[in-house]
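Written below as structure tokens is the structure these notes are about.
Atom set for the values below is all heavy atoms of this structure, side chains included, hydrogens, waters and symmetry mates excluded. Labels below follow one simple rule: chain letters A, B, ... track the order of the sequence lines, proteins then strands, and each chain is numbered from 1. Only a predicted model underlies this, so the values are computations on that prediction, with no experimental measurement involved.
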Amino acid sequence: MTLKQVVNNVAEMPASKDAVVDIKNLSLTFQTADGPVYALSDVDLTINEGDFVSFIGPSGCGKTTLLRVIADLEKPTGGDISINGVSPEQARENRAYGYVFQAPALLPWRSIERNVTLPLEIMEISKEERIKRAHDALKLVELNGFEKKFPWQLSGGMQQRASIARALSFDADLLLMDEPFGALDEIVRDHLNEQLLKLWARTNKTVAFVTHSIPEAVYLSTKIVVMSPRPGRIIDVIETDFPRDRSLDIRETPEFLEIAHRVREGLRAGHSNDE
Amino acid sequence: MTPMKLDKFCLVGAIAALLALIFPLAGIDPDTGKQVAFVGDIPGLAIAMALCVIAGAAFTWLGVRTVISGAVILAVAVFGCSQAIATLYDYGVAGYAGTGFWLFIISLWAFVWRGIDVIANYRSLEMAKQQAANVIVPVAFGVWLLFVWEVVVSGFGVPQVLLPPPSMIGVRFVTSTDIMAADFYQTFVKAVLSGYVLGCGSAFVMAIAVDRVPFLKRGLLPLGNMVSALPIIGVAPIMVMWFGFDWQSKAAVIVIMTFFPMLVNTVTGLNAAGKLERDLMATYASGYWSTLFRLRLPAAMPFVFNALKINSTLALIGAIVAEFFGTPIVGMGFRISTEVGRMNIDMVWAEIALAALAGTVFYGAVAYIERKATSWHPSFRVRRH
Ligand SMILES: Nc1ncnc2c1ncn2[C@@H]1O[C@H](COP(=O)(O)OP(=O)(O)OP(=O)(O)O)[C@@H](O)[C@H]1O
Ligand SMILES: [Mg+2]
């Protein structure tokens, strides 16, 4: 296995033709009662088609905010951003992405199946097709058999998996996932990581993935974005060169450990800046 | 809770029944100058009192351990109650009840309390049994209250104009069903239901408009607040002038009364959906109506049903009070106001009972639909586990 490690000076990063997400000089300041909060500052980032990009950084460094800007749930206060060559708003209206929130956000009055078919319903897809896709998506997260249950009858981890199934159900090319596995135990997490990787390798989807776990970030990603807080900014972008159909075993390789080490160093540097 | 502590009730029941046997049952008849009746003359009562002494002593000694003993206690109490009623009416004690009689009632009270307590604490995994217990407790309690009402009014000889006994009201109720049915149809079916549907329906639609148009929220909500503060006593005569004597004016009063609770609750409910869920809908580029029907209205349902329940009681009150101000010669409010004038207090009470019954059933029906429609809500789902 070869490992090519490219340290990009982020400002020089070329905007490639098939960039799915292209962010230049982006900043976002929240105006709050206690003064401005600089959630994002000077962020430059390109996510290419088929990339698996992980965002890692301490709590409050703007990972969620960045994902929300990409999803057009938050308007930047400065800089440029385009998704698939159009504005985030346009991309959202084109249903360009599936978003998995930090919390499951299932609607309590809908069964699991009807929660998963919610986006399909809104997109006016026929009923048989909805049921079929819900079935496939639930199978992918191993929740088949729970179609008729209600969210409160499922454990927190199962609810989160249902919300992943919901994001997968309409087959968007871009997946935005905000700590989707944060609430799960190690074994289930490993398993879902594998499933997600398989899906990604098979479909050439582009994934933006927020995590707090260094091994998870290194294992999953083609590109790891290390962020630091106050103001939220990117301090390092690490590209990895593991094959697309990697297995959990790569976690024992020296290359893996080396990258993990570098991520940790980045995080530490971000922290010391903070003091 | 230990059985020892609660079995004081059995002890009280036994002692009170024992004393009831000793103290005089009834007062002196002023005409004859003699006591009206003696326990010895009334075998049924004597047996009931003796049973209370024995059962009370036995359960004080043995403790009340099973639901069977609770049922036995209640059975003894029911027999005692029937004998107390017979004593009042068949042996002329009505109006002359003495210390012994009231001691016996205290004894019965202790038994009923203990018996209901046992059944109220009954827990069974079998649905049918548990439901039976859940029904028996409020029914037994209600029947006991009626019994106390009956014996107090009859025993002390309270004038019927002040308060008739429930038996008299009941008789009046069943003997004038045709009048009651006509009143019910006029007041409830015509006025209440139409006013309720109109008031709640228009407020619901208005709430959606208010939610959509910001200036309405600022302009209309305070105005609605003022309208809801209008005293219906003041509005009702005006509505009668506007809409005539028949049910339409009553429906109009109900519309005014029910509009605001529905409006405020629905507007609040429409904002009950969380930010996260709204963001979720935004990621699907869900339009206004799609989000309204798929997210915001379902989330608003608990609030809407709250208003529907409040309004179900308000509507009935509004219709009855509005009828005091002019009505054709039929209707529950009309009947109450005219029969009071004629001193037919039992008829007034029969109408009140009818109103209470109609109100309870109406409220119950709305609450039932609520449970079916919002079974996902945390306040209901606990019971399904
Ligand atoms: N709506 C908002 N209004 C004001 N400040 C906000 C808002 N949303 C986020 N922030 C602030 O922006 C900063 C970044 O928040 P963000 O949620 O993006 O962090 P995060 O990296 O996702 O953290 P975590 O790992 O804990 O989820 C924080 O300081 C937060 O307080
Ligand atoms: Mg976050």
Non-hydrogen atoms of B:Ala285 and A:Arg95 that approach each other most closely: O-NH2, 3.3 Å
Of the backbone (N, CA, C, O) and the side chain (C-beta and beyond), which part of [X] lies under 4.5 Å from a heavy atom of chain A, both, or neither?
X: B:Ser286; value: both
X: B:Met301; value: neither
X: B:Ala373; value: neither

Worked verdict on A:Leu118 versus B:Tyr284 for side chain to side chain contact (heavy atoms under 4.5 Å, CB included): CA-CA 9 Å; A:Leu118 174 70; B:Tyr284 305 139; 4.1 Å; yes
Max heavy-atom pair count under 4.5 Å with chain B, selected residue of A:Ala71, A:Ala167, A:Pro119, A:Ala105: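 Counting heavy-atom pairs under 4.5 Å, the top option is A:Pro119.
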[X] atom [atom1]: more than 12 heavy-atom contacts under 6.0 Å:
X: B:Lys129; atom1: NZ; answer: no
X: B:Tyr288; atom1: OH; answer: yes
X: A:Gln31; atom1: CD; answer: yes

Distance in Å, B:Glu277 CD paired with A:Leu106 CG, rounded so as to fall on 0.5 Å steps: 9.0 Å
Heavy-atom contact with chain B under 4.5 Å, split by part of A:Glu89: neither
Interface moiety of A:Ile122 toward chain B, non-hydrogen atoms closer than 4.5 Å: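 Contact with chain B involves both backbone and side-chain atoms of A:Ile122.
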Whether A:Arg92 side chain and B:Thr283 backbone form a donor-acceptor pair below 3.5 Å: no
Heavy-atom side-chain contact between A:Trp109 and B:Leu295 under 4.5 Å: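 SC-SC contact between A:Trp109 and B:Leu295 confirmed.
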Heavy-atom side-chain proximity of A:Arg166 to B:Leu280 below 4.5 angstrom: yes
Side chain to side chain contact (heavy atoms under 4.5 Å, CB included) assessment of A:Gln102 paired with B:Leu276: CA-CA 10 Å; A:Gln102 220 164 336; B:Leu276 194 59; over 6 Å; no
